[in-house]
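Worksheet for the structure shown next.
From a predicted model like this one, the values you see are computed outputs, not experimental measurements. For this chain, numbers begin at 1 and follow the sequence in order.
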Amino acid sequence: MTPLAVRWLKFNLVGALGIVVQMGAFALLFSALHLHYMVATGLAVETAVLHNFVWHELYTWKHLPRGAARDVALRLLRFHAGNGAISILGNLALMRLFVGSLHIHHYVASALAIALCSLLNFAASEWFVFRK
């Protein structure tokens, strides 16, 4: 298996954990705290973005040198600019479409939005965030 394929598999494993984090945060914010679904979506996605960054640093792209704290901070900024933007803007736009216009159930819509953003997120991570 190629190194790229291995990273894709690791990326998806971290992503699966991130889905649990995002859906759990969404459930807490939307169902328990009764935040508007758009606010709950944005906060839940940000929670998952931070979770995923840590695991991608420690697991998916662990073969790359970490560098100083400044290097990690710059990667985190790139992660937010790439993956964060794709995830937050993509999820918000898709949730607005799925829930607001198509009236799909909130949790089904959230899962669909996550899946649709995943391919772009891997490309952003591979070629923008964790580049050598």
Side-chain angles (χ1 to χ4, degrees):
M1 191 174 314
T2 69
L4 183 64
V6 170
R7 282 192 302 280
W8 169 246
L9 292 174
K10 288 180 174 183
F11 180 87
N12 283 298
L13 178 60
V14 169
L17 294 173
I19 290 170
V20 172
V21 169
Q22 183 172 331
M23 296 298 276
F26 181 80
L28 173 70
L29 296 164
F30 178 71
S31 296
L33 298 178
H34 307 290
L35 293 181
H36 187 273
Y37 75 90
M38 293 294 284
V39 174
T41 297
L43 293 172
V45 171
E46 177 60 19
T47 302
V49 165
L50 291 171
H51 165 273
N52 289 358
F53 175 77
V54 170
W55 281 107
H56 289 320
E57 278 280 309
L58 299 173
Y59 178 65
T60 310
W61 281 275
K62 72 178 182 179
H63 65 285
L64 297 177
R66 295 299 100 203
R70 183 181 194 285
D71 298 319
V72 175
L74 288 173
R75 271 194 306 281
L76 178 59
L77 285 174
R78 284 197 310 267
F79 196 74
H80 269 88
N83 295 63
I86 292 166
S87 293
I88 291 171
L89 297 175
N91 273 269
L92 287 173
L94 290 168
M95 285 294 282
R96 178 68 185 104
L97 171 68
F98 294 155
V99 176
S101 297
L102 301 177
H103 307 292
I104 296 173
H105 189 274
H106 296 90
Y107 293 107
V108 173
S110 186
L112 288 171
I114 292 166
L116 290 172
C117 291
S118 69
L119 281 173
L120 287 174
N121 276 330
F122 179 73
S125 290
E126 181 69 19
W127 292 294
F128 176 61
V129 177
F130 296 99
R131 66 180 185 257
K132 293 181 183 177

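Note: the hydrophobic cluster containing Leu76 also contains Val129 (ILVMFWY, side chain heavy atoms under 4.5 Å, direct or indirect links). Leu112 and Leu120 are assigned to two separate hydrophobic clusters, defined by single-linkage of ILVMFWY side chains at heavy-atom distances under 4.5 Å. Taking hydrophobic clusters as Ile, Leu, Val, Met, Phe, Trp and Tyr residues chained together by side-chain heavy-atom distances below 4.5 Å, Met38 shares a cluster with Ile114. Under a hydrophobic clustering in which Ile, Leu, Val, Met, Phe, Trp and Tyr are joined whenever their side-chain heavy atoms come within less than 4.5 Å, directly or via other members, Leu94 and Phe122 fall into different clusters. Transitive grouping of hydrophobic side chains (ILVMFWY, heavy atoms separated by less than 4.5 Å) keeps Leu17 and Val20 in distinct clusters.
The closest side-chain heavy-atom distance from Leu58 to Val54 is below 4.5 Å. Using a 4.5 Å heavy-atom threshold, the side chains of Leu50 and His80 count as touching. Contact annotation: the side chain of Thr2 never approaches that of Arg7 to less than 4.5 Å [non-hydrogen atoms, C-beta and beyond]. Taking the side chain as every heavy atom from C-beta outward, Thr41 and Phe26 approach each other to under 4.5 Å. Contact of the Phe53 side chain with the Val72 side chain is registered, since non-hydrogen atoms from C-beta on lie closer than 4.5 Å.
Side-chain atoms of Arg78 never come within 3.5 Å of backbone atoms of Ser125 as a donor-acceptor pair (strictly under, hydrogens ignored). With Asn52 contributing its side chain and Gly15 its backbone, the two residues share no donor-acceptor pair below 3.5 Å. Side chain of Ser31 to backbone of Leu28: no donor-acceptor contact under 3.5 angstrom is found. Judged by distance alone, with hydrogens and angles left aside, the side-chain atoms of Arg131 form a donor-acceptor pair with the main-chain N or O of Phe128 at under 3.5 Å. Remark: side-chain polar atoms of Ser110 are not paired, donor with acceptor, to backbone N or O of His106 under 3.5 angstrom. Asn91 places no side-chain N or O within donor-acceptor distance of the main-chain N or O of Ile88, the cut-off being under 3.5 Å.
Taking the six-membered ring for Trp, Tyr37 and Phe30 have ring centres at least 6.0 Å apart.
Between Trp8 and Phe11, the two ring planes are parallel [angle under 30°; tilted spans 30° to 60°].
With respect to the salt-bridge test (charged N to carboxylate O, under 4.0 angstrom), the residues Glu57 and Lys62 do not qualify.
No side-chain donor from either of His51 and Gln22 sits under 3.5 Å from a side-chain acceptor of the other.
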Item checked: Chi angles and distances behind the side-chain contact (heavy atoms from CB on, under 4.5 Å) call for Trp55, Thr60 -> CA-CA 7 Å; Trp55 281 107; Thr60 310; 5.9 Å; no
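Atoms CG and CZ, from Leu64 and Phe130 in turn, are 8.0 Å apart once rounded to the nearest 0.5 Å. For the atom pair Leu33 CG and Leu43 CG, the distance stands at 10.0 Å (nearest 0.5 Å). Atom CG of Leu97 sits about 12.5 Å away from atom CG of Leu92, to the nearest 0.5 Å. Atoms OG and CG, from Ser118 and Asn83 in turn, are 11.0 Å apart once rounded to the nearest 0.5 Å. Put simply, OH on Tyr59 and CG on Leu13 are 5.0 Å apart, with the number rounded to the nearest 0.5 Å.
Contact record, Ile104 with Ala109: CG2-N, 3.8 Å, taken as the closest heavy-atom pair. When all heavy atoms of Ala44 and Leu29 are compared, the closest pair comes out as N-CD1, 4.0 Å.
Heavy-atom neighbours of Trp61 CH2 from other residues, nucleotides or ligands within 6.0 Å: above the threshold of 12.
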